[in-house]
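What follows is one structure encoded as C-alpha cells, with my remarks underneath.
Lettering of chains follows the sequences in order, A, B, ..., and the numbering in each one begins at 1. The figures that follow rest on heavy atoms only: side chains count, while hydrogens, waters and symmetry mates do not. Keep in mind that what you see is a predicted model, and the values were worked out from it rather than measured.
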2 protein chains.
Amino acid sequence: MGKPTVHDIALEAGVSLATVDRVLNGRPGVRQKTQDRVQSAILSLGYVRDLSAANLARQRQYRFVFVLPEGPGQFVASLHSALREAMEVQRADRIDVRILAVPPHDPHQVVRALGTIDPGEVDGIAIMAQETPQVRDAIDRLAAAGLAVVTLVSDLPDSDRDHFVGINNIAAGRTAALLMGRFLAPATGKVLVVTSSLLARDSLERRFGFDAVMAYEFPEVDVLPTLEARDEPGRMAAIVSAALVAHPDIVGIYSVGSGNKALLEALRRIGRPAGLVVIAHELTPHTRAALETGEIAAVITQDVGHLVRSAVRLLRAKCDGLSIIQSQERIRIEVLLRENLP
Amino acid sequence: MGKPTVHDIALEAGVSLATVDRVLNGRPGVRQKTQDRVQSAILSLGYVRDLSAANLARQRQYRFVFVLPEGPGQFVASLHSALREAMEVQRADRIDVRILAVPPHDPHQVVRALGTIDPGEVDGIAIMAQETPQVRDAIDRLAAAGLAVVTLVSDLPDSDRDHFVGINNIAAGRTAALLMGRFLAPATGKVLVVTSSLLARDSLERRFGFDAVMAYEFPEVDVLPTLEARDEPGRMAAIVSAALVAHPDIVGIYSVGSGNKALLEALRRIGRPAGLVVIAHELTPHTRAALETGEIAAVITQDVGHLVRSAVRLLRAKCDGLSIIQSQERIRIEVLLRENLP
DNA sequence: AAGGCTTTGAGGTACGTCAATCAGATCGTG
DNA sequence: CACGATCTGATTGACGTACCTCAAAGCCTT
C-alpha cells in the first residue's frame, strides 16, 4: 500500500481527522493524552506529511529577501545574476524572492534597509554585509520576529542567524598558501598580498589562513604586509608598481578580495617579473580570461549558483521546520586551474 | 491577482474546463482551431501548470532505477551511500529510487540486468557501466521504450541516453597533468601512471588528457606507459616496486582510477623516493587520509552527492518535459588539497 | 434532411491537506 | 449533580489539477 495519510492516522489513533489536523498544525484544543496517541500513531505508521499537498491547500507563498551590496565588483554582479536565474525556477515552487540592493561599504545603509523589512510580509532573509554591531542587532531583531536568516559569503557568527552560506574563508586562505608555496618551490622570495579592503570578515579570514600556512610550511618565503586598494581607480596600479620597485624579489602575488581587474591591468602596464605566480579569488570574466592566458595560476572560488540555491533551500527548510542534507549545503572551496574551468 | 489557473484559460479561450484539460494533456477530441484558441490563451495569460497539484491529482510516482557496479572499490561504495541518503529525502517528493547492483567488469551482466527492467514499471534509469555495443543496445532499447536514461560517471556517448552526469574526464586528466607539472617544476624525471583497468572509458579519457598536457606543457618530464593492476591483490605492489627499481628517477605517480588503497600500501612498504608527487582521483577514506599525511599531493574528484542528486533531477525533468538549469547540473572537477578537504 | 460522425460542455470525483464551523461529548469543580 | 469550560467529532469547502461520463451540439455526407 501507499504512503499513510492523515486518514490512516485518524483511524490508527482512534480519533477524528479534525483532531489529527489540530495536532499536526499545533492548534489548541487537544488534550495531552490525545496528542500523545496521535503522535505515536504518526510514528508507528511512519507518516510524513505531504508538503506539496499542504502548500496547495494553504496557498502558501515563501517570501524571501536577499540583501546584497550593489557594487562595481564582478563577484556581486554574478551573485545578482545567479539569483535572478534561480528566481525564474523558484516561482514554480511558490517561492518569491526579492533583491534589496544596498550601497557597499556602508553598514548604516544596511541597517536602514533591514529596517524597511516588515516581518509580517517576509518569511526569511539572506544577507551579505560587513560585520558591525549595528548590523548584527538589526539581524537579531528580524530573527526574534520569527524570520529565517542566513548570512551569505561573509558570516556574522555572533548574530542569531540560522546558517552561514559560504566557504570557510580561513581554509580558503590556507589553500591559497599551499598552492602558492608549491607552485613557487623551490624558488624563494617575497609574496605580495593585495585586496580592496580588509574591513570585510572574509578578507581578514583569508589573510589569516594564508599567513598561517605560509609561515609554517614555507618559512623561506617572505609574505609582505597587505596592501589595500580601497576600490579607488588608479590606486591599485600605484601600490603594485611601488611594491615591485621596492622589492625586486617579489615572486608571488595573492589577491585576497576584489580588485582583480585593476591588479591585472596594473601588471600588464608595468610588466611582470618572470615566473610570477598570481593567485586570486572568485571566478569572474576577468579572472577566467587571466587563467586562460596564464596571467593567473589559480583561482579559488565558490559557485554563486550553489550559494543562492543553498540559501533558498536553507530558508525554506527553516520555514517548514525541515531537516537538511548537510553535504548538499556545504559550499566547496573550488580550486580552478586553466584546465578545469567550468 | 495570483497565477492564472485552468479556469482562467477556459474563460479567456471561451471554452470549457474539459476542453482545456484535453488540450493540456494531449487527449484527443479537440479540433485544431479550438486547440489554437486554447494555446494562445495559455500564452497570453502566461499560464504555467502547477506541477505539484498535477502530481497530487494523478497520484504520480517517479520510479527510477540506478544500475551500479557493486565492487570492492571505495568510490562505488560512496556512490551507493550517497544514493541511499538521497532516497530518504526524495521519498517525500514522490520519487522512488531502486538500486540494481551488478558485478563489475562484466558487461554481459549489465545487459542482463537491463533486460529485467520492465519499461511499464519504471520511468527512468541512471547507469554506470563500461562501454560495449551490447550495453549500448540495451540502453537504446529502454530509451526507445520511453524511459529517461542518464549515464553516470562514465559516458556512453553513442547511445540514446538523454544526459551524461559526470565530469569531463579528459579535462580531469589535463588538470592532473597541470598540477603534476607545476608541483614537480623545476625538477625533471619520470612519471608513473597506474590504474586498475583501462577498459573503462573514464580511465582512458583521463590518461588521454593527462598525456596531452604533459607532452605539450612539460616536455622535459617523461611519462611512462600505463600499468594496470586489474584489482588483483598484490599486483599493484609488484608493478609499482618493479617500476621504481627500473626507473630510479621516478618523481611522480598519477593514479588514474581505482586502486589507491593498494598503491598507498605498496608505497608504504617499499618506501618512496624523496619529493615524490602523487596525484590520484576520487575522494575516499584512503585518499583523504593520504592527503592529510601528505602522501598524496592532490586529489581530483567529483562530488558523489551532487552526482546522484543531479541524475535524479535530470531524470525527473525529462519525465515532466521540463527544462533544467545547466549550471546546476554541470559536475565540477574538484581539486582537493590538504587544506580544502570538505 | 436524416444519418453517422466528431467535437464540446457540464458536471462529478479524486488527490492530501488546511481551515473553519457547530454540535456533542467529556471534564473538573463546587 | 449541575455548571461552564474544555475537548473532540462530523462535516464541508477550498486549493489546482487529472480523469471520467453523459449528453448536447456541431459537422459532414448522401
Side-chain angles (χ1 to χ4, degrees), chain A residues 1-39 41-42 45-62 91-96 123 319-322, chain B residues 1-39 41-42 45-62 91-96 123 319-322:
Chain A
M1 59 176 172
K3 324 259 163 285
T5 75
V6 275
H7 294 83
D8 302 321
I9 295 178
L11 222 66
E12 173 84 6
V15 299
S16 78
L17 265 166
T19 303
V20 175
D21 183 67
R22 284 188 268 255
V23 172
L24 280 176
N25 295 290
R27 268 187 281 278
V30 183
R31 237 180 325 178
Q32 188 56 49
K33 227 156 101 174
T34 318
Q35 284 188 37
D36 295 345
R37 208 136 42 89
V38 173
Q39 289 293 1
I42 289 177
L45 290 184
Y47 165 81
V48 278
R49 113 216 264 134
D50 186 325
L51 246 190
S52 60
N55 285 344
L56 176 63
R58 92 166 66 166
Q59 280 285 80
R60 194 164 189 358
Q61 269 278 95
Y62 301 89
R91 194 145 356 154
D93 257 327
R94 301 195 148 72
I95 297 175
D96 172 50
D123 300 305
C319 288
D320 292 335
L322 255 52
Chain B
M1 61 176 172
K3 323 257 163 286
T5 74
V6 275
H7 294 83
D8 302 321
I9 295 178
L11 222 66
E12 172 84 5
V15 299
S16 78
L17 263 167
T19 304
V20 175
D21 181 68
R22 283 188 268 255
V23 173
L24 279 175
N25 294 290
R27 268 186 282 279
V30 182
R31 238 180 323 178
Q32 188 57 48
K33 227 155 100 171
T34 318
Q35 283 188 38
D36 295 345
R37 208 136 43 89
V38 172
Q39 288 294 359
I42 289 176
L45 290 184
Y47 166 81
V48 279
R49 124 220 252 124
D50 186 326
L51 244 188
S52 61
N55 285 344
L56 176 64
R58 89 165 65 166
Q59 280 284 79
R60 191 156 188 10
Q61 268 279 97
Y62 301 89
R91 193 152 352 161
D93 256 327
R94 303 194 145 72
I95 296 175
D96 172 50
D123 300 304
C319 289
D320 292 335
L322 253 52

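Checking the phosphate oxygens (OP1, OP2) of D:dA18, a side-chain nitrogen or oxygen of B:Arg49 falls inside 4.0 Å.
At whole-Å resolution of the value, CG in B:Asp36 and C1' in C:dT7 are 15 Å apart. Following rounding to the nearest Å, B:Leu56 (CG) and C:dT13 (C1') show an atom-to-atom distance of 13 Å. The distance from atom CG of B:Asp320 to atom P of D:dA18 is 11 Å, rounded to the nearest whole Å. Taking atom CD of A:Gln35 as the reference point, atom P of D:dC7 lies 9 Å away to the nearest angstrom. Note: CZ (A:Arg22) to P (C:dT17) measures 17 Å, nearest angstrom. Protein atom CZ of A:Arg60 is 17 Å distant from nucleotide atom C1' of C:dG16, rounded to whole Å. Atom pair B:Leu17:CG and C:dG9:P shows a separation of 10 Å (rounding to whole Å applied). To the nearest angstrom, P of C:dA10 lies 15 Å from CG of B:Asp21.
Among the heavy atoms of the strands lying under 4.0 Å from A:Asn25 are primed sugar atoms or P, OP1, OP2 only; no base atom is included. Note on A:Ala18: a base of the nucleic acid sits closer than 4.0 angstrom, heavy atoms only.
Side-chain atoms of B:Asp320 and B:Tyr62 form a donor-acceptor pair, as typed in the model, at a separation below 3.5 Å.
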Using Watson-Crick and G-U wobble pairs with both distances under 3.5 Å, what is the 5'-to-3' dot-bracket string of DNA chain C, with [ ] for crossing pairs and | for pairs outside the strand? ||.||||||||||||||||||||.|||.||

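Side-chain proximity of B:Val15 to D:dA18, C:dG9, C:dG16: nearest is C:dG9.
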